[in-house]
Amino acid sequence: MLDSKFVRTQPEDVAAKLVKKGFTLDVEAFHALEQSRRDIQVRTESLQQERNNRSKNIGKAKAAGEDIAPLLKEVDDLKQQLSAAETELSGVQTQLDALLAEIPNLPDDAVPEGNDEDDNVEVRRWGTPKSFDFEVKDHVDLGAALNGQLDFEVATKITGSRFAAMKGDIARLHRALIQFMLDTHQQDHGYEEIYVPFIVNRDSLFGTGQLPKFEEDLFKIQDDRGFYLIPTAEVPVTNMLRDEIIDANQLPLKYTCHTPCFRSEAGSYGRDTRGMIRQHQFEKVEMVQFVKPEASDDALEALTNNAEAILEKLNLPYRTVILCGGDLGFSAARTYDIEVWLPSQEKYREISSCSNFRDFQARRMKARFRNPETGKPEFLHTLNGSGLAIGRTLIAVMENYQNADGTIEIPEVLRPYMAGKAVIGNP
RNA sequence: GGUGGGGUGGCUGAGUGGUCGAAAGCGGCGGUCUUGAAAACCGUUGAGUGUAACAGCUCCCAGGGUUCGAAUCCCUGCCCCACCGCCA
């Protein structure tokens with residue numbers, strides 16, 4: 001959420017920056033609402049003041065043993081006036097809050113102009129895609145040929161489309177990737193491993209920005225508690241600090257967390273229908289950081305490097321792009337996507353997304369720290385990034401490490417997690 | 001599932017329907033003392049909104065209600081604790 005005072009005082013600046021994100025801020029409507037809020041609020045508060053004063057006087061008079069009946073008469077219609085004003089005020093305030101809750105975060109100045117992913121700008125590239133002297137298979141064919149160790153058909157039977165089932169060494173490889181990433185972030189990158197609920201309430205989803213605007217992307221649990229399956233660990237992990245004021249000396253806080261992620265993929269009919277790229281359920285190892293405002297720029301670079309380090313250890317070629325304004329998420333001020341090379345598509349495909357949200361989520365969540373210089377609470381900056389998406393990493397390993405006979409070499413760093421095994425073949 | 005007790009400031013914790021935004025302690029900050037530190041002592045210290053600065057207003061889990069007036073009374077919800085029962 002943006003600072004309402006900022007939107008109020010510099011609406012033109014805000015509107016101008018949001019153009020880059022493809023968002024049109026209705027400055028007129030905002031002003032009109034804001035003006036009436038002000039008027040009603042002033043009126044309401046003066047009525048409240050009067051009520052408070054008179055009530056106090058009644059209290060005093062009563063304590064002094066005086067007759068309070070005349071005083072009560074005076075205050076008679078104040079009550080109706082006040083309650084009418086309060087109702088009016090809360091109505092306008094609700095509208096204003098709703099408007100503010102749907103305004104996206106401002107993009108950084110460094111964010112390039114553009115409408116969609118074609119306008120993202122490459123910032124670096126690592127590794128060289130391997131050239132194969134045979135016709136490469138994609139992960140679907142590889143998995144099927146490996147005696148169905150990766151199986152979409154059975155998952156469709158169990159549930160429906162956009163699910164996957166695994167068994168044997170592929171299932172173990174999938175688990176090995178999770179362990180490897182958690183261990184690396186914990187041991188090499190200084191993150192604390194945590195475990196959190198996979199079901200969250202509406203407040204948490206509001207805090208990170210999924211609600212109220214993106215409800216259709218979520219799986220909602222069908223009872224009256226208003227719970228949702230998490231679309232990413234970002235939601236539970238970031239909300240750990242909702243409504244908290246923490247000591248500055250605890251910062252930065254760096255957490256890594258493995259969770260499944262559930263997404264309805266409502267708007268993506270027909271996209272990536274084959275294979276494991278886009279699923280309703282996938283695993284992810286996430287990194288989340290809470291930092292002081294002045295530290296968030298450096299933290300984003302470091303966090304992105306932490307994700308890249310995983311790909312480098314796995315020896316998978318990637319490139320890193322900075323998202324253009326049009327491709328940037330609702331809550332993000334700046335995002336780097338890391339894209340891994342997929343031989344079957346001869347393309348780099350997104351495997352991680354690393355973002356700086358600045359104080360946008362923190363303001364929604366009231367996540368603050370006490371600034372030792374001023375003694376006052378200030379909003380934290382929040383960041384997060386995938387490190388990495390497990391399903392897509394599995395695909396990348398299978399496809400990049402495939403042999404002519406359809407077997408798959410296991411990357412060196414994963415072998416300790418695979419009982420020393422070097423190759424996955426037919427069982 | 002049953003019964004009972006609770007949710008108050010950064011934390012712990014008191015609070016009779018009427019100067020209670022709230023005692024006290026801890027912690028934080030400033031100071032005295034000290035070569036320095038600790039201890040001790042003195043002072044200060046909730047969050048927001050609002051203002052040029054005051055003032056004012058809101059907030060004692062959340063939402064309703066009673067009242068001239070609610071942290072305090074009533075209703076609903078959420079959460080926590082204790083004991084009993086049941087299950088893993």
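Naming convention: chains lettered A, B, ... in sequence-line order (proteins, then strands); numbering from 1 in each chain. None of the values given here were measured: they were computed from a predicted structure.
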Pick the nucleotide of RNA chain B nearest each of A:Val75 and A:Arg370; which residue has the one closer to the 5' end? A:Arg370
Upstream residue (5' side of RNA chain B) when A:Gly59 and A:Ile245 are each assigned their closest nucleotide: A:Ile245
Taking the same atom, [atom1], in [N] and in [M], what whole-Å distance lies between them?
{"N": "B:G48", "M": "B:C54", "atom1": "P", "answer": "15 Å"}
{"N": "B:G36", "M": "B:G25", "atom1": "C1'", "answer": "29 Å"}
{"N": "B:C79", "M": "B:G31", "atom1": "P", "answer": "48 Å"}
{"N": "B:A22", "M": "B:G9", "atom1": "P", "answer": "14 Å"}
{"N": "B:C87", "M": "B:U72", "atom1": "C1'", "answer": "41 Å"}
{"N": "B:A40", "M": "B:A47", "atom1": "C1'", "answer": "33 Å"}
{"N": "B:G7", "M": "B:U12", "atom1": "P", "answer": "12 Å"}
{"N": "B:A24", "M": "B:U45", "atom1": "C1'", "answer": "15 Å"}

Applying the Watson-Crick and G-U wobble criteria at under 3.5 Å, what pairs with [N]? Answer none if nothing qualifies.
{"N": "B:C83", "answer": "B:G2"}
{"N": "B:A62", "answer": "B:U76"}
{"N": "B:G30", "answer": "B:C42"}
{"N": "B:U12", "answer": "B:A24"}

Need one value for [X]: base, sugar-phosphate or nothing, where a base atom within 4.0 Å counts as base even if backbone is also close, heavy atoms only.
{"X": "A:Lys62", "value": "base"}
{"X": "A:Lys73", "value": "nothing"}
{"X": "A:Arg37", "value": "nothing"}
{"X": "A:Pro377", "value": "sugar-phosphate"}
{"X": "A:Arg368", "value": "sugar-phosphate"}
{"X": "A:Arg363", "value": "nothing"}

Going by atom types only, do [X] and [Y] share a side-chain donor-acceptor pair under 3.5 Å?
{"X": "A:Thr256", "Y": "A:His185", "result": "no"}
{"X": "A:Gln41", "Y": "A:Glu45", "result": "yes"}
{"X": "A:Glu301", "Y": "A:Tyr336", "result": "yes"}

Any ion pair linking [Y] and [X] (charged N to carboxylate O, less than 4.0 Å)?
{"X": "A:Arg278", "Y": "A:Glu265", "answer": "yes"}
{"X": "A:Arg8", "Y": "A:Glu34", "answer": "yes"}
{"X": "A:Lys421", "Y": "A:Asp169", "answer": "yes"}
{"X": "A:Arg415", "Y": "A:Glu409", "answer": "yes"}

Distance under 4.0 Å to a non-hydrogen atom of chain A counts as contact; along RNA chain B, which nucleotides mark the start and end? B:G10 to B:G69
Pair A:Phe219 and A:Tyr228, ring centroids less than 6.0 Å apart: no
According to side chain to side chain donor-acceptor pair (under 3.5 Å), does anything in residues 56-65 of chain A pair up with another residue at least two apart or in another chain? List the pairs. none
Expected list for residues 46-55 of chain A near RNA chain B, using heavy atoms below 4.0 Å, is A:Gln48, A:Gln49, A:Arg51, A:Asn52, A:Ser55
Any chance CD of A:Glu216 has more than 12 other-residue heavy atoms, nucleotides or ligands included, within less than 6.0 Å? yes
